[in-house]
Participant: 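Below you will find the structure I want to go over with you.
Just so it is clear, the values below take in all heavy atoms, side chains as well, and ignore hydrogens, waters and symmetry mates.
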Number of protein chains: 2
Amino acid sequence: MKTADPELMRAINRFHVMDAIRRFGPIARVEISDRTELSATTVSAITAALLDDGLIITHQLGGIRDAARGRPRVMLELNPAAAYVVGVKLAPDQITIATTNFRADVLSSLMLPIRLQRQPVSVIADLVEDGIRRCITDAGLTMDQISGVCIGLPGVVERVAGICRASPIFGENDVPFAAELTARLGGVVATIDSDVNLVTLAEHWFGQARGLDDFLVISVELGLGLGIMHNGELFRGANGLSPDLGDLMVRPPSGNGSARLASVASETSILAEARACLTGTEHEHAFRLGRGMEKVVELATTREPHIMALLEHAGEALGFAIANLITLFAPPKVILAGATLAAGDALVEPLRRTVGELLPPSLADVADIVVHHWSDDIWARGAAAMTLRDLYGAPWNTTGPAVHR
Amino acid sequence: MKTADPELMRAINRFHVMDAIRRFGPIARVEISDRTELSATTVSAITAALLDDGLIITHQLGGIRDAARGRPRVMLELNPAAAYVVGVKLAPDQITIATTNFRADVLSSLMLPIRLQRQPVSVIADLVEDGIRRCITDAGLTMDQISGVCIGLPGVVERVAGICRASPIFGENDVPFAAELTARLGGVVATIDSDVNLVTLAEHWFGQARGLDDFLVISVELGLGLGIMHNGELFRGANGLSPDLGDLMVRPPSGNGSARLASVASETSILAEARACLTGTEHEHAFRLGRGMEKVVELATTREPHIMALLEHAGEALGFAIANLITLFAPPKVILAGATLAAGDALVEPLRRTVGELLPPSLADVADIVVHHWSDDIWARGAAAMTLRDLYGAPWNTTGPAVHR
DNA sequence: TCATTTAGTAAATGATGCGGATTAAATCTG
DNA sequence: CAGATTTAATCCGCATCATTTACTAAATGA
């Protein structure tokens, strides 16, 4: 049970101030005071401590002066150099890594197209470690300047325990991957999280859901993921487990029995089916080269009937699941993200149609379904943001209960 | 944005102390101090204020003395007479009302078997008002002693706005039922909430989920409801909407297309189908008398094939939905509640089997599915508890930031 | 009777947020 | 160009609160 003492008070208010500075860029103390509804005095005290700790910096010449009179505002912003973090995104066929500063600006990024599946955990950890070290060097930094590393991966992840319960990446279950990496990074703490949670946070911080406190993110990649933002907080299941959307059961395309969503609508299943129905055609070659998805996208633009039917089934299955999620959460926005969405309307149109058909009338218009095409390193940026989020809220150095120096 | 000030601190700690007293019955200050991790002094101060306000009372003669030496503990407990509240549960065919004291002990209860469907809102409000007044009188109280009224009803309810978005009870949507009743009760504030939320809270306070901070409640009555307890808090969708489980889409029994869960597994649908397949038999009469569910239960015990098949379909559909919910929330416990469960294993066994079949292996054992048969007035007790919960947390009289008198 | 033990309270201390007065730094005005 | 005005930020004093330390209360045990 968290007991409320003055220290907690300070921590809460400090977080609010940090959050306002992060969200509203260079911002004057008065405006922080307005937005947070804290008194000017309190804001002054907190920002003084933050400046003292080097977490924020002043930015004289405020630029736009709203009223031409009076003492000019001193703008405050995050000190980009206050901390550096690394974000990693693991996908079955590629590792993406990004180094960012305290403002979540990407300083360097790295993409390693490596097939991770079937590799032992230690090999994967080695690859990630090498990539992280390389990426840090690329950014002109050294390991001891790094405040934290966050690794996002598909599947069921228990963040607080640092354990990956199940993932297409690992052959085994219950992999303590956070500890595995922390051990390799010489004192730098690594955390893990579900990859969708990272996109969800990224959407909240930089993306289409800025300022929106309730929304869902559906990631459609080799696996399927669900991120839930609820009341401005990432929703995690009991024990901090992240749900795996692919494990949801849906109405199958054959119209008979039931099927796991992952077996109908994930990139993995789409590729497998596409390959099956294109065997013996001129297109088969692309699948052997690992260029299957490009071929599917290409054939979708030419409206190849088999592919269209296949994508329609996938879209309908996703629509079924999403309709149920909207029924449960009534979110004002649903964001679709992930590489598979390159297939475009052939996938998304049946999805929207199915959601429209299945949603109860009372919820017909609550959710705005949007597609967000993102570059790969943004996922890694989301991972970095996850670490920064902890740093912002952490009892930082002396910013805590006023250690006198 | 909620700013943290000393007053908030006090409110939080006061709530923790109240919660400890509520949960652990007669309890000494030392033990509160242990459990809440607040200092003995703080507990002393807070309990003094609570005593002063009459919210708790001392209970000398502590009873069991753990160590035979030392100054005896003074036990504290909720003052039953500190406040009285009324809980109401609306079902399509009956109104249940209960008056409780501050400890949520039921003082009087009332059950009105009235068919509410198709009645105009004002008529329903009149009926509820009359029932409330009657129930208060039965408890030996008067209206001005009542601190609050909470009405639970099936469907989609927006608690904070006091609006029922959609319900089988009302013919219309967006009914401002809370305002409707508050206007009739002469100053006593009425709130509304989804009926499952009330059971969920009741399970958390008095039921099978005491001390459990994550669990789901599935209510199977004329309608279907879902209650979610997450991190010790009732989970509500965006805008404070409560989800309606009946609107979820499931795999239909015919194995083709998809169907709304309510059309397969609610008591309404079960009765309709049972009536259809029993037309022309000796059993038909029971349905005309409105005794359909009793007849279904009776036939289930004799394993009548039609009924068994029907209940099996319903159980499978529920299992499908519940498997998906477990995938999403990974709750350690799922509680099934509601009148329809009287059908027993004919319904519950297929449900368990389906959940077992559909759950991904990684989640196979996380959730314990239990059935809870409850009497009707317990639902109303849950409604009362919902009001008490607000009272416990409210800035009470002078217990707030020390108004000097 | 008096030491011992446990429960509960009082006084002192320090952290915190807030309101009102004050200072700082610019523009406006005559 | 000097003083008035305006807006931003800070200083000072106060009230609240939780905590630590010392103390009192009320029982048992020797």
Participant: To the nearest angstrom, how far is Glu7(B) atom CD from dT16(C) atom P?
Facilitator: 19 Å
Participant: Taking any heavy-atom pair under 4.0 Å as a contact, classify Ala48(B): base, sugar-phosphate, or nothing.
Facilitator: nothing
Participant: For Ala190(B), what residues pass the side chain to side chain contact (heavy atoms under 4.5 Å, CB included) criterion, not counting sequence neighbours?
Facilitator: Val149(B), Ile151(B), Leu181(B), Thr182(B), Leu185(B)
Participant: Taking only the side-chain heavy atoms of Asp5(B) (C-beta and beyond), determine which of dG8(C), dA9(D), dG17(C) contains the nearest atom.
Facilitator: dG17(C)
Participant: Is any side-chain nitrogen or oxygen of Arg10(B) closer than 4.0 Å to OP1 or OP2 of dA18(D)?
Facilitator: yes
Participant: Please list, chain by chain and in numerical order, all residues satisfying side chain to side chain donor-acceptor pair (under 3.5 Å) with Ser39(B), sequence neighbours excluded.
Facilitator: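 Partners of Ser39(B) by the side chain to side chain donor-acceptor pair (under 3.5 Å) criterion, ordered by chain and then number, come out as Thr42(B).
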Participant: Got a sec, which residues hit side chain to side chain contact (heavy atoms under 4.5 Å, CB included) with Asn101(B), two or more places apart in sequence or on another chain?
Facilitator: Pro80(B), Tyr84(B), Arg103(B), Asp105(B), Leu107(B)
Participant: Go through dC17(D), dA8(D), dA7(C) for me and flag the one nearest to the Val30(B) side chain.
Facilitator: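 Among the listed nucleotides, the one closest to the side chain of Val30(B) is dA7(C).
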Participant: Answer yes or no on whether Arg22(B) is positioned over the face of Tyr392(B), meaning its NZ or CZ is under 6.0 Å from the six-membered ring centre and within 45° of the axis.
Facilitator: no
Participant: Restricting to nitrogen or oxygen on both sides, can you table the protein-nucleotides 20-24 of chain C pairs closer than 3.5 Å?
Facilitator:
| from | atom 1 | to | atom 2 | distance (Å) |
| --- | --- | --- | --- | --- |
| dA24(C) | O4' | Arg71(A) | NH1 | 3.2 |

Participant: Please identify each residue that fulfils side chain to side chain donor-acceptor pair (under 3.5 Å) with Thr200(B), with sequence neighbours left out.
Facilitator: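 If we apply the side chain to side chain donor-acceptor pair (under 3.5 Å) test to Thr200(B), skipping adjacent residues, there are no hits.
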Participant: Would you mind telling me which residue lines up with the more 5' stretch of DNA chain D, Ala45(B) or Val43(A), judged by nearest nucleotide?
Facilitator: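 Here Val43(A) is the residue nearer the 5' end.
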Participant: Show each protein N/O and nucleotides 1-4 of chain D N/O combination with a separation under 3.5 Å, one pair to a line.
Facilitator:
none

Participant: Using the side chain to side chain donor-acceptor pair (under 3.5 Å) criterion, which residues pair with Thr47(A)? Sequence neighbours excluded.
Facilitator: Arg29(A)
Participant: Could I get the full list of side chain to side chain contact (heavy atoms under 4.5 Å, CB included) partners for Thr387(B), not counting sequence neighbours?
Facilitator: Val85(B), Cys150(B)
Participant: Where the side chain of Ala28(B) is concerned, which of dT19(D), dG8(C), dA9(D) is the nearest nucleotide?
Facilitator: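 For Ala28(B), the side-chain atoms sit closest to dG8(C).
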Participant: Find which nucleotide of DNA chain D each of Glu31(A) and Leu38(B) is nearest to by heavy atoms, and output the residue with the more 5' nucleotide.
Facilitator: Glu31(A)
Participant: Measure the spacing between CD1 of Ile378(B) and CG of Leu198(B) and express it to the nearest 0.5 Å.
Facilitator: 12.5 Å
Participant: Using side chain to side chain donor-acceptor pair (under 3.5 Å) as the criterion, list what pairs up with Glu77(A), not counting sequence neighbours.
Facilitator: none
Participant: Considering Watson-Crick and G-U wobble pairs with both distances under 3.5 Å, what does dA30(D) pair with?
Facilitator: dT1(C)
Participant: Taking the side chain of Pro6(A) as its heavy atoms from C-beta onward, which of dT16(C), dT19(D), dC18(C) lies nearest to it?
Facilitator: dT16(C)
